[in-house]
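Being a predicted model, the structure only gives us computed values, none of them experimental.
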Amino acid sequence: MAKPIEAMDGLGSVPALLQRNALQFANRPAYREKEYGIWQSWTWAETEKEIEALALGLINLGVKEGDFISVIGRNRPYFYWSIVAAQSVGAIPVPLYQDAAADELAYVMDHCGARFAIVEDQEQVDKVIEIQDQLTEFEHMIYIDPRGLRKYDHAKLHQYDHIQDDGRATHGENISELRARREKLNYDSICVMLYTSGTTGKPKGVVLSNRNIIEASKSSSEFDNLRLTEEVLAYLPMAWVGDFIFSIGQAYWCGFCVNCPESAETMQTDLREIGPTYYFAPPRVFETQLTSVMIRMEDAGRMKKRLFDHYMAHARKVGGDILDGKPVSAMDRLKYGLGNLFVYGPLKNTLGLSRVRVGYTAGEAIGPEIFSFYRSLGINLKQLYGQTEASVFITLQPDGEVRADTVGVPAPGVEIRIAEGGEVFYRSPGTFEYYYKNEESTKSTKDPDGWVATGDAGYFDEETGQLRIIDRAKDVGKMAGGELYAPKYVENKLKFFPNILEAVVFGNGREECTAFINIDLTAVGNWAERNNIGYASYQELAGHPQVLETIREHVETVNRSLAGDPMLGGCQVHRFLVLHKELDADDGEMTRTRKVRRNVISEKFAELLTALYDGSDEIFTKTEVTYEDGRKGSISATLKIVDAAAVPVETQRVAAE
C-alpha cells in the first residue's frame, strides 16, 4: 500500500486552513447569507473571529477533546462555524439531517454518545428534548434562533450568541488552551463523522480524518482548476458528505465563498442572484428544474413554444460538441449563437446557471436525456461517482471527455479495480478510517490493504477508458430468461419525463419487469388545470384515466429505447401501477437523501407487487402514512393496473440496422 501522505506546510487540519485563509485572504468574502431579503457577508478575517469566539465559548461550557457535538439545522454560516469551532477544540462534529424524525436523531446521537448539540430553532430544540431520556451522554444544547424559547428551562439550554459572548469574555483565560488544542490537530485527527443514509439498515458512522478530507479536497480542486474566486451555493443537507466537501473541504482549501440561501422556498431566487460558478446538485434537483421548464413551455404562447422547440432541437444536435470543443460547422455555430440569444441564455439565467464554469451531479445516476439537456444549453455539467466512505471522489469526468453513460476516470490519487463478479473496489487518500463502533462492517467493507467494496457493479468502457456503473451490485440480477436486470437504469429513464417523480422497477428472477410509479404533482397538476380537470388530492389525480394513459405512453417510449440495447432489452416494463401516495422518508420508504429503499417498498406493498404479476386489473389497498406533525393515519384506494406494450429486442435491432 502507498506510503501515508503527510500534511503540507503545516496545513494538517481544517482549523489550520482557516488560520491561513484569515491571513492570506483576510478581506475576501468567506460566507454570505440571505436573511429578511438582504445578503449579509463575512470576510475570512471576520469568519476566523466568529469561530474563535464560539470555540472559546465551547471550552468555557466544558467541551473536552474527543467529545461528539451534533449539528442540526439548515445551511447557515453559524453551522459551518460550529463545525470548525468543534474541530478547533478537538471535538468531533456530527452533522444530522434537519428533517430527521426524533427517533432518527435519537439513534445517531445515542450511537455516537453526543454530549452537546448545536441546533437552529424551537423545532429542533423540541425534538432533542423529546429524546433526551434516550441519550445517556447528552448534557448541553445550543440554539441559534431564540424565537419561542424564552420560557424554556435554560439550565442546559444556551443561546448561540451568548456562548460566543462568554468566549470573548474568557479570551484571556482560555486562548492558550484553544491554541494548544488546535496545534495538536494533524492529518490523523478525526475531522468529522458523517452517517450513511441507511438504505439497507441502520445508518453507520463514517469516521473521516483530516487527511481524508484535505487530500480529497486538494486533488479534486486541482482537477477542475477551482479558484479563490469561485462562488458556491450551499443548500444541500449538511449531513451529506457532498456538502461537507464542497462547503468546507474545498472552500477552505481554495478560499472561495460559500453562499447560504434564505430558505428552501427562496432557493431558486437566491440561486439566480448569486449566479454560482461552481455548482453541485443531485439528479433530483436537475429533474425538478427541467420539469419546471417544461411546465412553463406548455403554458407559453404558440410562437414562443415553437421557438423553444426549434432551437432546443438544434442544441441537442450540436450543443454538447460545441461545449467539448469538437468540430462543428460555421453554420451550426451561427444557429447555436442565435439560439443562445433567444433561448439558451435566457433559460440559463432563469435557472440561475448562467455563470456555472464547473457543474456536477452525483448521489445516484442521472437520466442520460436530462444530462444531455443541460449540456446542450452550454452548461458544463459533469458526473462524478463517489461515496461517503471515499470523502466523495472515486471518479471524475475531465473537461471535453464528458459522456452521459459513464462517470469518468479515477480521481487523482484513486485506484480502482473491478472484481470478478463486477463489483467496483477503490482505495485512495480519501478512504475513510473506520465505521464508528462497528468493527465487523469496517472489516467487511475495507480490507487490510485499504481496498473498499463499493457495493456497485460496473466496468471500464473499452472505447473511453471511463467507468460505467450499471447499478447497485445487490440490485443487479438476471431475468428468468437470463437477460440482465438493472432496475436503476430503467427508473432513471422513466424519471426523465416531467410527469414521473419516482419509479421503482421489479423483475429479478421473473419473466417480466413491472413498476410502481409516483406522478409529479406539480407537473401533472399543471396539466390538469390547463385541461379544466378538477381533483381534490394526489390520490384522485394519480388514478385519473388520462393520467394513467399518459404514463403508459411514457413507459412504452422507454421500452422502445430499451429494446435498442441488447444488454438491457429484457428490462422493459410490461405492467405498472401509479401509487396512491408519494414515497416518503417519514414512512421509511426512502432515505433522507431520497434514495429508494427497494426492500422496504417490496415488503410494504407486497400485495400490490403480487397483483402486478397475477394478472389482476385492479387491487384495493390500505396504507399507513405519517403526517408532517408526526401523527399516524391511513389512506385507502383501488388502484388500476396498466399493461404497457413491449418491443421484441431482435425486431428493434433489425429495424435499427
Engineer: What I want to check is whether the side chains of Asp243 and Tyr80 have a donor and an acceptor closer together than 3.5 Å.
Structural biologist: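 Side-chain D/A pair, Asp243 to Tyr80: present.
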Engineer: Within 45 degrees of the ring normal and closer than 6.0 Å to the centroid, is that where the cationic atom of Arg468 sits relative to Tyr459?
Structural biologist: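 Checked: cation-pi criterion not met.
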Engineer: Rounded to the nearest 0.5 Å, what separation is found between the CG atom of Asn559 and the SG atom of Cys513?
Structural biologist: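 Separation between the atoms: 9.5 Å.
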Engineer: I'd like to know if the side chain of Asn212 reaches the main chain of Thr431, judged simply by a donor and an acceptor atom lying under 3.5 Å from each other, with no hydrogens or angles considered.
Structural biologist: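 Yes, because the side chain of Asn212 sits within donor-acceptor range (under 3.5 Å) of the backbone of Thr431.
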Engineer: Under the ring-ring contact (aromatic ring centres under 6.0 Å, His included) rule, collect the residues that match up with His574, sequence neighbours excluded.
Structural biologist: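 By the ring-ring contact (aromatic ring centres under 6.0 Å, His included) rule, His574 matches no residue at all.
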Engineer: Give, for atom CG of Leu579 and atom OH of Tyr538, the distance between the pair rounded to the nearest 0.5 Å.
Structural biologist: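 These two atoms lie 6.5 Å from each other.
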Engineer: Rounded to the nearest 0.5 Å, how far apart are CG of Asp270 and CD of Glu265?
Structural biologist: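 Between Asp270 CG and Glu265 CD, I get 10.5 Å after rounding to 0.5 Å.
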Engineer: Going by atom type alone, with no hydrogens or angles, which donor-acceptor pairs under 3.5 Å involve a side-chain atom of residues 378-393 and a protein atom two or more places apart or on another chain?
Structural biologist:
from   : atom 1 : to     : atom 2 : distance (Å)
Asn380 : OD1    : Arg375 : NH1    : 3.4
Asn380 : ND2    : Arg357 : O      : 3.1
Asn380 : ND2    : Asp399 : OD1    : 3.1
Lys382 : NZ     : Asp224 : OD1    : 2.6
Lys382 : NZ     : Tyr360 : OH     : 3.4
Lys382 : NZ     : Gln397 : O      : 3.0
Lys382 : NZ     : Asp399 : OD1    : 2.9
Gln383 : NE2    : Arg403 : O      : 3.3
Gln383 : NE2    : Ala404 : O      : 3.0
Gln383 : NE2    : Thr406 : O      : 3.1
Tyr385 : OH     : Thr454 : OG1    : 3.3
Tyr385 : OH     : Asp456 : OD2    : 2.6
Gln387 : NE2    : Thr454 : O      : 2.8
Glu389 : OE2    : Tyr435 : OH     : 2.6
Ser391 : OG     : Gly430 : O      : 2.8

Engineer: Can you name the residues that form a ring-ring contact (aromatic ring centres under 6.0 Å, His included) with Tyr97, not counting sequence neighbours?
Structural biologist: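 Applying ring-ring contact (aromatic ring centres under 6.0 Å, His included) to Tyr97 gives none.
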Engineer: Could you tell me whether Phe576 and Phe516 have their ring centroids closer than 6.0 angstrom?
Structural biologist: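 No, ring centres 6.0 Å or more apart.
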Engineer: Do the side chain of Gln250 and the main chain of Ser247 share a donor and acceptor less than 3.5 angstrom apart?
Structural biologist: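 Side chain of Gln250 to backbone of Ser247: no pair is present.
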Engineer: Take the angle between the ring planes of Phe246 and Tyr278 and call it parallel below 30°, perpendicular above 60°, tilted in between.
Structural biologist: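 Ring orientation of Phe246 relative to Tyr278: perpendicular.
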Engineer: Looking only at side-chain N and O atoms, does Lys493 offer a donor or acceptor that is under 3.5 Å from a partner on Ser561?
Structural biologist: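 Checked: Ser561/Lys493 side chains pair up, N/O donor to acceptor below 3.5 Å.
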Engineer: For the pair Glu35 (side chain) and Gln40 (backbone), establish whether a donor and an acceptor sit closer than 3.5 Å, ignoring hydrogens and angles.
Structural biologist: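 Not a single qualifying donor-acceptor pair exists.
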Engineer: Do you know the tightest heavy-atom contact between Asn259 and Glu231?
Structural biologist: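 Looking at all heavy atoms of both residues, the closest pair is ND2-OE1, 2.8 Å.
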Engineer: Over 60° means perpendicular and under 30° means parallel, so tell me whether Tyr344 and Tyr336 are parallel, tilted or perpendicular.
Structural biologist: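 Ring orientation of Tyr344 relative to Tyr336: tilted.
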Engineer: What are the two closest non-hydrogen atoms of Pro261 and Tyr235, and how far apart are they?
Structural biologist: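 For Pro261 versus Tyr235, the nearest heavy atoms are CG-CB, 4.0 Å.
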